[in-house]
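Note that the numbering runs from 1 along the sequence shown for the chain.
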Amino acid sequence: MKIAVISLTENGRNISKKIFADLAGCVCYAFEKHCASEIPFTSLKELTAEIFSEYNALIYICACGTAVRVIAPNIVSKLTDPAVIAVDEQGKFAISLLSGHIGGANAFAKKIAGIIGGTPVITTATDIGGKFSPDSFAAANNLHITDMGLAKEVAAAVVNGEKVGFYSDYPCKNIPDIFSDNAETGVCVSDNRTRKPFKRTLHLIPKNIVIGVGCRKNTSPENLSEFIWRIMGENGISLFRICQLNTIDIKKDEAAVAEFANKLNIPANFYSAEQLMNARGDFSKSEFVMKTVGADNVCERAAAISGGRIIIAKQAENGITFAAAELSVDIDFEREIL
């Protein structure tokens, strides 16, 4: 997880140091007049525009109004926007501003408040009432929300004290005593969107498919995308289930790989030939590939290296290879994003 901590004053910079020391994945930015080892900047507006989509969370140590003004032009969707938290420069409050549920800003606010000895400020209705929120639940358990409008209806029903239903194809832990089998509206955790246990069913799809990719140099992004989409479709697997793309490290500058990962808003992970050769499983082998890149199979080993089970074996076409592995799904109602 990538986190940017942005400070404007010397007091703010000192607070950012505390957060940096206790929160993994932090990169600190400081206004140039108050900058030591941090990355300097001269315009908060320009910095925000530059990094807004590059980080999972942005922590501004400044007034709420200042943070709101600079993030406003960059806001797109609660499905993709990063978590945004504002911390006052005295460290008294950590305020969840944007993407409280899906982005994890509410959880970040609690974590940061604990680090700096402040108070978290959270205003979402389900959280302040300690109630079930489908988008928080989905974010914590890596589930894709198929219908944000219906998700809002479910959350509103819970806030209003109405019963909703819950069904899962996967084992679940710590299920709260808030669901009803007789509810007309409910949540269904399944990779099968035709399953409708309720009259109005909100489908949450597990993002548990890891894809492994190999390709020739300068492969067309269109060709790579079309090939992956087609193979996934032929196997009846939704693109929404893809959680990461893995490949060999010599492909880290391949435009087709970066573009596909960016389109799906998933991480692209790169592994050395040695790491791929240490992946566990039975894989097809190619002496040519071994001599060329140092690993006897890129796509299957890359797909399996995250610990999943191969469900689509090596597919090859026009210099592109593709495989997919399925990770186990573990649903926990008490899991938090951080």
Side-chain angles (χ1 to χ4, degrees), residues 52-53 56-57 68 71-84 96-109 122-170 172 175-176 178-209 229 232-233 236-243 262-266 329 331-333 335-337:
F52 192 77
S53 61
N56 303 106
V68 168
I71 67 172
N74 305 287
I75 296 173
V76 177
S77 165
K78 68 186 298 180
L79 294 174
T80 58
D81 291 334
V84 177
S96 173
L97 288 182
L98 185 72
S99 293
H101 289 155
I102 295 176
N106 293 351
F108 271 112
I122 296 166
T123 57
T124 45
T126 49
D127 291 87
I128 59 175
K131 297 179 182 292
F132 170 74
S133 163
D135 44 0
S136 285
F137 170 72
N141 288 281
N142 207 23
L143 306 170
H144 170 74
I145 301 173
T146 58
D147 187 334
M148 284 304 302
L150 187 52
K152 291 178 181 179
E153 290 182 30
V154 171
V158 172
V159 169
N160 291 328
E162 301 171 18
K163 288 288 187 179
V164 295
F166 180 79
Y167 171 90
S168 176
D169 280 337
Y170 305 92
C172 299
I175 302 176
I178 60 169
F179 299 114
S180 170
D181 293 335
N182 300 318
E184 289 195 352
T185 300
V187 174
C188 174
V189 180
S190 174
D191 58 32
N192 181 2
R193 290 189 67 174
T194 65
R195 195 182 303 285
K196 295 187 181 295
F198 311 102
K199 185 175 181 180
R200 290 174 56 74
T201 298
L202 171 63
H203 287 98
L204 302 181
I205 301 175
K207 295 189 281 187
N208 68 326
I209 300 297
W229 291 336
M232 293 282 284
I237 303 174
S238 167
L239 289 176
F240 292 126
R241 293 185 63 194
I242 300 177
C243 60
N262 288 337
K263 277 184 179 179
L264 268 64
N265 194 31
I266 58 173
V329 176
I331 303 297
D332 190 342
F333 279 82
R335 180 178 291 131
E336 293 190 348
I337 295 173

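- In this structure, the ring of Phe166 has its center no less than 6.0 angstrom from the ring center of Phe132.
- Residues Met148 and Ile145 share a closest heavy-atom pair of SD-CG2, 3.6 Å.
- How far CD1 of Ile205 is from CG of Leu239: 10.5 Å, rounded to the nearest 0.5 Å.
- When all heavy atoms are compared, the tightest approach of Ser96 to Asn106 is OG-OD1, 2.7 Å.
- Taking the ring pair (Phe, Tyr, Trp, His ring centres under 6.0 Å) definition, one finds that Tyr170 meets it with nothing, sequence neighbours left out.
- A donor-acceptor contact shorter than 3.5 Å is absent between the side chain of Asp147 and the backbone of Leu202.
- By the salt bridge (charged side-chain N to carboxylate O under 4.0 Å, His left out) test, Asp181 pairs with no residue at all, sequence neighbours left out.
- Side-chain N or O atoms of Thr146 include one that pairs as donor or acceptor with a backbone N or O of His203 at under 3.5 Å.
- Shortest non-hydrogen contact noted between Phe52 and Val84 is CE1-CG2, 4.4 Å.
- Nearest heavy-atom pair across Met232 and Ser238 is CE-O, 3.7 Å.
- Separating the CD1 atom in Ile102 from the OG atom in Ser77 is a distance of 7.5 Å, to the nearest 0.5 Å.
- For Glu162, the CD atom counts as densely surrounded, since its 6.0 Å shell holds more than 12 non-hydrogen atoms of other residues, nucleotides or ligands.
- Taking NZ of Lys207 as the reference point, atom CG of Leu143 lies at 8.0 Å (rounded to 0.5 Å).
- We find the CD1-CD1 distance between Ile266 and Ile209 to be 11.5 Å, quoted to the nearest 0.5 Å.
- Contact detail for Ser99 and Lys78: the closest heavy-atom pair is OG-O, 4.2 Å.
- Nearest heavy atom pair, residue Ala83 against residue Gly104, reads CB-C, 4.1 Å.
- Taking the salt bridge (charged side-chain N to carboxylate O under 4.0 Å, His left out) definition, one finds that Glu153 meets it with Arg200, sequence neighbours left out.
- Note that CG of Asn141 and OG of Ser136 are 10.5 Å apart. Values are rounded to the nearest 0.5 Å.
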(message) Before you tell me yes or no, could you show the steps for Val189 and Tyr167 under side chain to side chain contact (heavy atoms under 4.5 Å, CB included), namely the whole-Å CA-CA distance, both residues' side-chain angles and the distance that decides it to 0.1 Å?
(response) CA-CA 6 Å; Val189 180; Tyr167 171 90; over 6 Å; no
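- Contacts of Asp191 classified as salt bridge (charged side-chain N to carboxylate O under 4.0 Å, His left out), with partners at least two apart in sequence or in another chain: Arg241.
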(request) Check step by step if side chain to side chain contact (heavy atoms under 4.5 Å, CB included) holds for Arg195 and Asp169. (result) CA-CA 10 Å; Arg195 195 182 303 285; Asp169 280 337; 3.1 Å; yes
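- The ring pair (Phe, Tyr, Trp, His ring centres under 6.0 Å) test applied to His144 returns Phe240, not counting sequence neighbours.
- Taking the side chain as every heavy atom from C-beta outward, Pro82 and Asn56 never approach each other to under 4.5 Å.
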(request) Give the intermediate values and the outcome of side chain to side chain contact (heavy atoms under 4.5 Å, CB included) for residues Val187 and Val164. (result) CA-CA 8 Å; Val187 174; Val164 295; 5.6 Å; no
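- With sequence neighbours excluded, no residue forms a salt bridge (charged side-chain N to carboxylate O under 4.0 Å, His left out) with Lys152.
- Rounding to the nearest 0.5 Å gives a distance of 11.5 Å between CD1 of Ile122 and CG of Leu97.
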